[in-house]
Amino acid sequence: MMKTININSRVILVLCVVNLGVWCYGEADYNDAAPMEEGEKTALYTAIQGFVGNWWNGSDLYPDPCGWTPVQGVSCDLFDGLWYVTALSIGPILDNYLDCAPIVEFRPQLFELKHLKSLTFFSCFVSPHKHPISIPSKNWEKLAGNLETLEFRSNPGLIGKVPSSFGSLIRLQSLVLLENGLTGELPRNVGNLTKLKRLVFAANWFYGRIPDTLGGLNELLILDLSRNLLSGSLPLTLGGLNSLLKLDLSNNQLAGSLPTAMCHMKNLTLLDLRNNKFSGGLTKSLQEMYSLGEMALSNNPIGGDLQGLEWNSLQNLVVLDLSNTGLTGEIPESIAELKRLRFLGLRGNRLTGNLSPKLATLPCVSALYLDGNNLTGELMFSERFYGKMGSRFRAWNNPNLCYPDGLVSTGHAPYGVKPCQQEVTLVEAHTNSKLGDGNYNQNSHLMVSLGFSSYVNGGFWSFYLVQVVTMAQLLSCFL
């Protein structure tokens, strides 16, 4: 809590028991401490009672919430020699917190706290069925002069729409509506809040399109609209968010192609578009987002292939998740040049071709999920690699993928991947005849890769050949 206390020079005594290191005692003239403005105190107490109940009267606070025994969640500052409230947090955030009553109300006195900079409600409105409540639609303009932070977190009983009057809070730097029961479309006039650095509307029931007005929030660092029912395509104006560090639109119903204008987000470190309906392939503009540390596009019918992007330009990538995106073609070797990569998810696609052994040389990789594709050939990874990765290497459900039998011990073999089969070959030596012409050389030599060898006469040749081939076929079923 920020306080500036003017203590008169008439400090009577300061005694410190330094040698014993037990305690220090100080005494001052408390009468010189500044008082809380009386109208401010009345408005604060009335507003708090609306949330915690009329039983609360602040009687245990001396001399007031800004004095020597403050209540957690209330912060003050001096203006013209008087205390005014600058921050109010309602809910179980800190010790000695202001816990909400089952039935709450927003009282108009809340909007009389004219120096309020921060207003937070955490787990305060918790009953969506018995005691639902909506955000007041009026009076927010009274706080427009100073309010910088407005947050409603984990309030399932908070229902209704976002008031359009939020658009008047032009000094807001943080607007967080997280895990509530709010619904309706996102208000377009949020685009008026040009000082916003954080905008979080996640985990509500918002629907409709993302307003193109959000593209004018040039100072925005975090945009999180995840876990809603938003639909439609991404507005092209989002490419104008040049300062953006985090973009999370996951778990919605967004569709269309990934806009090429995303390449202008040069500072973006997190791009999370999981669990939507995006299509149209991976735009090449992704390779120009050099600051990206996490790219999560899984569970979208994006389609296309991986070959069109220069993956080695994204040297800051730590997480790359393209699972279940309908990708085809081969995995480019340029992915193996991402030296910071820790997680690579390509499962559930239609990828083909051989796996480059260079993937095992990624110095930081700790999870490699390649299961559920059409990869082929031999896994040319070392036993040490399999031992290090354990269950975090997943390559099962690739029917034509195998690992070299004998080069990897059973204990470190990749789970769900079969050992490669040894081929069975037939070599006929010392013969001048062809099969089927009835003139077999009685001294012909039959060599089989299984280790059988025999000199047989012409009458026994055909029977023995059939038996060996049949045996090889049977053995292949058990390998």
Side-chain angles (χ1 to χ4, degrees), residues 128 132 134-135 152-156 158-164 166-167 175-193 196 198-217 220 222-241 244 246-265 268 270-283 285-286 289 292 294-304 321-327 345 348-349:
S134 300
I135 301 175
F152 292 85
R153 297 174 179 264
S154 302
N155 297 286
L158 187 67
I159 64 171
K161 298 182 178 182
V162 178
S164 60
F166 274 11
L175 177 56
V176 176
L177 307 177
L178 175 64
E179 295 176 345
N180 303 295
L182 298 169
T183 186
E185 296 186 350
L186 301 181
R188 290 184 55 83
N189 62 358
V190 171
N192 298 338
L193 310 180
L196 274 181
R198 176 170 56 179
L199 178 59
V200 178
F201 281 5
N204 287 277
W205 299 97
F206 295 123
Y207 55 81
R209 304 177 71 91
I210 298 176
D212 55 6
T213 54
L214 299 187
L217 303 177
L220 199 62
I222 297 174
L223 177 58
D224 187 351
L225 307 178
S226 63
R227 293 178 285 166
N228 284 290
L229 302 172
L230 300 174
S231 58
S233 58
L234 297 183
L236 299 179
T237 55
L238 288 185
L241 300 178
L244 202 63
K246 174 184 175 181
L247 177 60
D248 189 349
L249 305 177
S250 63
N251 296 285
N252 279 286
Q253 299 174 9
L254 299 167
S257 301
L258 301 177
T260 57
M262 295 177 68
C263 66
H264 300 302
M265 299 180 181
L268 199 68
L270 182 143
L271 175 63
D272 192 347
L273 304 179
R274 293 172 297 162
N275 301 313
N276 279 287
K277 300 178 181 179
F278 291 112
S279 58
L282 296 172
T283 174
S285 62
L286 291 173
M289 303 170 74
L292 269 184
E294 300 181 40
M295 183 193 298
L297 306 179
S298 59
N299 300 317
N300 281 284
I302 293 176
D321 191 0
L322 301 174
S323 301
N324 300 307
T325 52
L327 293 172
N349 287 294

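Position 1 is the first residue of the sequence; numbering continues from there.
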Can you give me every donor-acceptor pair (side chain of residues 253-263, partner residue at least two apart or in another chain, under 3.5 Å) with its distance?
none

Nearest 0.5 Å please: distance from the [atom1] atom of [X] over to the [atom2] atom of [Y].
X	Y	atom1	atom2	value
L234	F278	CG	CZ	4.0 Å
N204	S226	CG	OG	9.5 Å
M265	L244	CE	CG	6.0 Å

Results of side chain to side chain donor-acceptor pair (under 3.5 Å) for [X] - residues two or more places apart only:
X	result
N275	N251, N299
T237	none
N180	N155
R198	E151, S174

Taking side-chain contact (heavy atoms from CB on, under 4.5 Å) as the test, write out the residues that go with [X], two or more places apart.
X	value
D272	D248, S250, L270, R274, A296
T325	I302, L322, L327, N349
P163	I135, W140, S165, F166

Taking the side chain as everything from C-beta on, heavy atoms only, tell me whether L196 gets closer than 4.5 Å to L175.
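Side-chain contact under 4.5 Å: yes.
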Residues in salt bridge (Lys or Arg N to Asp or Glu O under 4.0 Å) with D321, at least two apart?
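Testing D321 for salt bridge (Lys or Arg N to Asp or Glu O under 4.0 Å), a comparison that skips the adjacent residues, returns none.
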Using salt bridge (Lys or Arg N to Asp or Glu O under 4.0 Å) as the criterion, list what pairs up with E294, not counting sequence neighbours.
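None.
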Not counting sequence neighbours, list each pair that qualifies as a salt bridge (charged side-chain N to carboxylate O under 4.0 Å, His left out) and has a residue in residues 201-212.
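Residue pairs passing salt bridge (charged side-chain N to carboxylate O under 4.0 Å, His left out), neighbours aside: R188-D212.
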Taking only residues two or more places apart in sequence, or in another chain, which ones meet F152 in a ring-ring contact (aromatic ring centres under 6.0 Å, His included)?
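ring-ring contact (aromatic ring centres under 6.0 Å, His included) list for F152, sorted by chain: F121.
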